[in-house]
2 protein chains.
Amino acid sequence: MSNLTIMDIAREAGVSKATVSRVINNSGAVSPRTKERVLEIIKENKFSPSATARNLSKGTSSAIGFVVPEIDNPFFGEILRGVTEITDKNNLTLICCNTDDEREKDRRALDLFKENRVRGILYTPAVDYTDKKDRKNLIRIFDEINVPVVVMDRNINLPNVDGVYFNDYQGIYEATKALIGAGHTKIGIINADLEKPLARDRQKGFTDAMEQAGIPIREGYILAGDFHATKSYHLSRELLAMEDRPTAVITCNNRTTLGFLKALSERGESVPDDIVCFGLDRIETLELLGNNYNFIERDAMKMGREAIKLLINRMAFPGRPKMEVVLDTKLIINKL
Amino acid sequence: MSNLTIMDIAREAGVSKATVSRVINNSGAVSPRTKERVLEIIKENKFSPSATARNLSKGTSSAIGFVVPEIDNPFFGEILRGVTEITDKNNLTLICCNTDDEREKDRRALDLFKENRVRGILYTPAVDYTDKKDRKNLIRIFDEINVPVVVMDRNINLPNVDGVYFNDYQGIYEATKALIGAGHTKIGIINADLEKPLARDRQKGFTDAMEQAGIPIREGYILAGDFHATKSYHLSRELLAMEDRPTAVITCNNRTTLGFLKALSERGESVPDDIVCFGLDRIETLELLGNNYNFIERDAMKMGREAIKLLINRMAFPGRPKMEVVLDTKLIINKL
DNA sequence: CTGAAAGCGCTTACAG
DNA sequence: CTGAAAGCGCTTACAG
């Protein structure tokens, strides 16, 4: 049996489609008696109006595009959870895409959103779009889609686009200061490619803290990987094997931390006795197990909530100036 | 500037809407010259046809509903990843919902899917629907929506509905046998409420293996929690504090394992020296760190892939008999 | 090979 | 308060 339509309901209620529509939307004037009768029949038949037809007719849509690079990374899982918490309440539909950090998939996701005429996009870029051409291209695509966009987590400095970011600079800066305060001077850092904005930002937090304390930075202690565990693991092995190695290491995201801890445990060493670790992001498993690493906490669920709120706000006020929400991080210190 | 329509393209190309439509869909006959011209103009204008209008017109949809209870649990994150891998290739749109294990949200997700006239649903139930009334209700809802459904992971035995499940029974059964084979006789198990089908299934794997080996099962070693870490933690504390405690413990999902390991590490004890642990599901973090627990591996990404394949197949062959895919698990043994 | 027209299931001025 | 009609942006028989 195919789906009922508004026409079926109208017929059965002995009214016109228009009236049924008014009842459904609670719009216009409908006499109480008519309304009741129509509602009754709708209920009886478990009728629910087609979102597709409604969207076409109204020229709007209830869909929000959501795209993240690694949907199986709990960090993004939590963001998504924060988002759904609010979309659910607002009757918004989430179209989810996963890009595996590939530009091509990023592109396809945006095409999909365009075809579906989404009302807004929650976007964590797959790559950093530092390449001039890629960047121009991306900006053009957003121009074409022409709906509100909120960038999450990875700030690629798009003109006139809202965003929600963590204050990673501050997090790393404070973590570094905390280590220095605890007497560490030989501090290493495992970061990603320092050409990339995200990595640069974090690196600056480190450098600033070190310079302010008048502590020289040793080139050999600065490792530039790619934010993934494997790379971090290999870099960490080298670092840990150095003759004169750091007494503390800062890792710049949760994957990096894991790579480091793996290299460490392979040597039969552990934190914080053999070396101190200060990581970015909570790692739930380790925390549960009482692992003594220190971390900079970032509330991903909150990021999700803020992002969708920003988007909804922008949908309501398309003309308002660009807004960026920067979420503070928090140091969780176990032992330095 | 609002979106272009097929009419704009038609006008500019000097043809009718029908022709443009044929070009877009590669359907019907269009002269090569016309086709080329139309394509040219489409490209120039970055035109992409409205999925909404197309869906309404064709009476179909490109959307698949995806609903899981805990989107920030990496297990479901991986399932989702497996799903997107295939939907991306088939130009299917994923509408994601998160239910937090709440029946009410489960219900709302299905309503949403109905309104959006999705073509199919990938469904992990929020609750087990053992309650007769709830169950009837659910079946009725699916009847109303009347599109293919594939249940994932949690088998609630819906009549005539496809599903993809792991062979948890076999996993636990083999794990238990492995423990017995290594000489353990005092084996505990941390499971969920044994009234629930999921838990019962796992429990049976345990019981069967023990009985076949002629080993008596001690009531006190059987803990029934709820598949969450906190509950497991509390139960584990009691278990570990017993005078005559087990030498090995089986934990029935990743959360349960964490709760157990937490209770253990709090006592200053660790696996496998103080007690052996055999868990269901890999825990990436622990593995990376070389933690010596044993686990039953379940390939969640594969579950995602199989589920969407089953759904696509069912969409193509609506009349075919019910199919269930049961994925084998695999023992990963470190030290028993 | 191409176009005019009807239709998908709604919404919304407009008229009464 | 209610309905007839036009329109949203497509697709698809049908006729030529």
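Reckoned from all heavy atoms, side chains included, excluding hydrogens, waters and symmetry mates. Order of the sequence lines fixes the chain letters, A, B, ..., with proteins taken first and strands second; residue numbering starts at 1 for each chain. Only a predicted model underlies this, so the values are computations on that prediction, with no experimental measurement involved.
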Grab the [atom1]-[atom2] distance between [X] and [N] for me, whole Å please.
X	N	atom1	atom2	result
K35(B)	dC1(C)	NZ	C1'	13 Å
E115(B)	dG9(C)	CD	P	16 Å
R37(B)	dC1(C)	CZ	P	14 Å
R11(B)	dG3(C)	CZ	C1'	15 Å
M7(A)	dG7(C)	CE	C1'	14 Å
D8(A)	dG9(C)	CG	P	9 Å
N55(A)	dC10(D)	CG	C1'	14 Å
L56(A)	dG9(D)	CG	P	7 Å

| task | Count the heavy atoms belonging to other residues, nucleotides or ligands that lie under 6.0 Å from CZ of R108(B), then report whether that count exceeds 12. | result | yes

| query | How about E324(A): does its CD atom have over 12 heavy atoms from other parts shown lying under 6.0 Å from it? | reply | yes

Considering just the side-chain nitrogens and oxygens of [X], establish if one lies under 4.0 Å of OP1 or OP2 belonging to [N].
X	N	answer
S16(B)	dG3(C)	yes
T34(B)	dT2(C)	yes
S31(A)	dT2(D)	yes

| task | Between protein and nucleotides 11-16 of chain D, map the contacts as a letter string: B base, S sugar-phosphate only, - none, heavy atoms under 4.0 Å, written 5' to 3'. | result | BBB---

| Salt bridge E104(B)-R107(B), side-chain N to carboxylate O under 4.0 Å | no

Would you find a donor on one side and an acceptor on the other, under 3.5 Å apart, between the side chain of [X] and the backbone of [Y]?
X	Y	result
N116(A)	V118(A)	no
N45(A)	I42(A)	no
N73(A)	F75(A)	yes

| query | Contact class for T52(A) vs. all strands (heavy atom < 4.0 Å): base, sugar-phosphate, or nothing? | reply | nothing

| task | For R33(B), answer base if it contacts any base atom (sugar-phosphate contacts may also be present), sugar-phosphate if it contacts only those atoms, and nothing otherwise; contact means non-hydrogen atoms under 4.0 Å. | result | nothing

| Dot-bracket pairing map - DNA chain C, Watson-Crick plus G-U, both contacts under 3.5 Å, | cross-strand | |||.||||||||.|||

| Does the side chain of S31(A) come under 3.5 Å of the side chain of T34(A) through a donor N or O and an acceptor N or O? | yes

| Are any of the side-chain heavy atoms of M152(B) and F66(B) separated by less than 4.5 Å? | yes

| 5′-ward residue of the pair V15(B)/F47(A) relative to DNA chain C | V15(B)

| message | Classify the ring geometry of F142(B) against Y123(B): parallel below 30°, tilted from 30° to 60°, perpendicular beyond 60°. | response | perpendicular

